[in-house]
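What follows is a short report on a single structure.
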Amino acid sequence: MSELTGLYALWYRELKVFSREPSRIVSSLIQPLMWLLIYGTGLGSIVSVSSTGTSYQSFIFPGILAMTVLFGSLFFGLYVILDKRVDFLKEVLVAPLNRSTIFFGKVLGGSTDGLIQIVLLMILGALFFGIPLSFYSVFMSFLIVILLLVSITSLGLTIGAIMESPEGFGLITSFVIFPLFFLSGALFPVDKLPAWLHVFVVINPVSYAVDGLRTVILGISGFGLALDFMVLIVFAVVMVLIGTAAFKRMKI
Amino acid sequence: MENIKPIIETKNLTKRFDKLIAVNNLNISIHEGEIFGLLGPNGAGKTTTLSMLATLLPPSEGSAFVHGFDVEKEPSKVRHSIGFVFQDPSSDDLLTGRENLYLHALMYGVEMHDINQKMDDVLKLVDLTDRQNERMKRYSGGMRRRLELARGLLHEPKILFLDEPTLGLDPQSREHIWSYIKKLSTERKVTIILTTHYMEEADQLCDRLAIIDHGKIVALDTPAKLKKSLGGDVVTLRTKDPDLVAVKKLHYVLDLKQEGDQVMLTVDNAGTHLQEILKKIGNVESVESRSPTLNDVFLHFTGREIRDHGSEGGTFERMITSRRK
Ligand SMILES: Nc1ncnc2c1ncn2[C@@H]1O[C@H](COP(=O)(O)OP(=O)(O)O)[C@@H](O)[C@H]1O
Ligand SMILES: [Mg+2]
């Protein structure tokens with residue numbers, strides 16, 4: 001019972017803080033919108049995805065959703081480091097709560113932030129970019145996005161728990177984030193890639209989120225929805241386990 | 001009278017960071033209801049000691065019992081018994097004072113139907129009722145400290161740790177905080193362990209006091225007894241070419257230190273003997289006599305001023321020390 005109220009407390013903090021920084025929400029939306037507008041229109045005039053039956057802009061929309069999750073949620077781990085710099089983290093750690101509860105509270109908070117961004121993006125996508133949305137596609141997209149949010153937030157928190165400085169955090173995340181993004185098929189169809197590069201796409205869990213989102217929103221399928229979900233569920237479970245262990249070992 | 005068990009007890013408590021021994025074989029017993037102080041310069045190991053007692057850091061050696069629970073075996077029970085006010089800011093700037101309290105109450109499992117009442121009570125105790133709905137970004141350093149003090153009490157702990165409760169505050173806010181600490185000690189009967197490197201704070205607040213230096217206790221007693229332990233008054237003389245040999249022989253001169261043209265004496269009953277000392281010492285430019293302060297006690301036990309942050313050597317390295325008895 002007290003672990004549950006503790007979980008609620010941590011979630012409450014994240015949401016309050018999130019809602020008090022409107023600039024954080026706005027800036028988190030600007031980047032994906034720029035990609036859709038500039039990259040989507042610009043490259044769309046060269047890259048042909050005509051075989052898929054959609055415009056290039058629509059084609060990358062699911063990829064941009066995944067990108068928003070990737071960048072936003074990984075970055076969320078930075079707040080752990082900022083909390084370490086003052087004694088706020090100690091205040092949380094000295095409370096009679098399990099470390100795993102603290103970790104889950106953070107994952108819950110970070111994922112909620114991310115989900116709010118995704119909802120806003122999908123509304124903007126439907127209104128201004130002609131993305132077809134149905135009850136089914138929205139519901140399924142949420143499932144996929146939530147799995148990805150939990151995984152990537154856990155990854156960010158793991159890095160935050162291990163690293164001591166914001167600079168170190170930035171270094172590690174940039175090593176992680178760019179391969180995960182560019183080799184996920186977010187921006188181009190992956191079936192034409194050379195075999196050696198294709199291997200990286202196949203072992204990148206983010207690819208399955210992009211593929212799943214593209215399947216449920218646009219009806220363009222690569223791996224198959226069942227495999228997408230399986231990979232994402234395993235990815236989420238593994239990342240949560242790693243993150244919990246990292247939090248248990250975290251030094252103050 | 002029944003012999004009561006101490007509420008906090010450490011046995012050879014030790015913490016190492018690689019080669020550095022931050023806390024070195026600490027043995028203390030703290031009794032229920034007292035205000036116990038850890039007085040020492042920066043880096044003496046005060047925060048590390050509190051962190052071990054609060055289960056935030058595992059001891060390298062030795063053991064500690066808080067409210068009867070072993071910090072290593074039953075950390076969760078220990079954490080339920082304590083409140084902690086940290087050295088550095090530990091509240092969320094974007095939240096209001098009341099929201100920070102609410103967060104804390106939830107994390108400590110305070111009963112839902114009690115939360116509002118308890119928040120009102122502690123806010124009143126530290127006079128922050130009027131400012132409770134402002135974001136903490138706008139709080140002054142003193143207000144922030146008061147809120148964190150209130151927060152530490154919210155779950156009604158038996159024991160409260162205060163790590164440098166007035167660090168960086170102006171004198172007026174400092175005295176404010178002192179009065180709150182005294183108030184909650186008498187009104188709420190919590191046991192308080194506070195660390196400080198302000199002599200005056202230790203003197204004003206603490207029932208008993210451990211002076212710690214390089215992770216070790218060098219003296220432990222009530223402030224009054226510590227001062228008395230020097231055995232006399234402190235006389236400071238400014239003089240050229242003093243004849244110290246003769247002065248040293250006087251039986252009521254208990255301790256003598258010289259630095260440059262300044263001579264510091266510990267004199268039993270200075271009022272009666274001062275004339276005689278001045279006669280022996282010769283050409284004196286200035287003289288000052290006063291009762292000892294904790295600063296003198298610290299100097300006596302460690303050979304350094306507490307303000308002397310750069311630990312090793314320094315100003316008093318060349319000091320001549322001679323003690324009798
Ligand atoms: N996490 C840590 N890793 C390495 N050294 C530390 C750590 N925490 C404290 N120290 C060192 O231990 C000593 C005692 O520190 P601390 O307990 O913070 O002193 P105080 O609170 O009395 O100023 C200092 O020399 C400090 O540099
Ligand atoms: Mg300290």
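This is a predicted model, so every value here is computed, not measured. Letters A, B, ... mirror the listed sequences (proteins, then strands); counts begin at 1.
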Atom group of B:Thr55 that falls short of 4.5 Å from chain A, counting heavy atoms: neither

Flag, side chain of A:Thr153 to backbone of A:Val107, donor-acceptor distance under 3.5 Å: no

Side-chain (B:Glu34) to main-chain (B:His31) donor-acceptor, under 3.5 angstrom: yes

Residue, of [options], that accumulates the most heavy atom pairs under 4.5 Å with chain A:
options                              : result
B:Glu148, B:Gln87, B:Lys77, B:Arg135 : B:Arg135
B:Ser76, B:Pro75, B:Pro89            : B:Pro89
B:Ile82, B:Leu57, B:Asp92            : B:Asp92

Within 45° cone and under 6.0 Å: A:Arg13 NZ/CZ vs A:Phe88 ring: yes

Geometric cation-pi criterion, B:Arg146 with B:Tyr180: 6.0 Å, 45°: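 Judged by the rule (NZ or CZ under 6.0 Å from the ring centre, within 45° of its axis), B:Arg146 is not positioned above B:Tyr180.
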
Carboxylate-amine/guanidinium proximity below 4.0 Å for B:Arg138 and B:Asp93: no

Largest heavy-atom contact set with chain B, pairs under 4.5 Å, which of A:Val17, A:Val94, A:Leu97: A:Val94

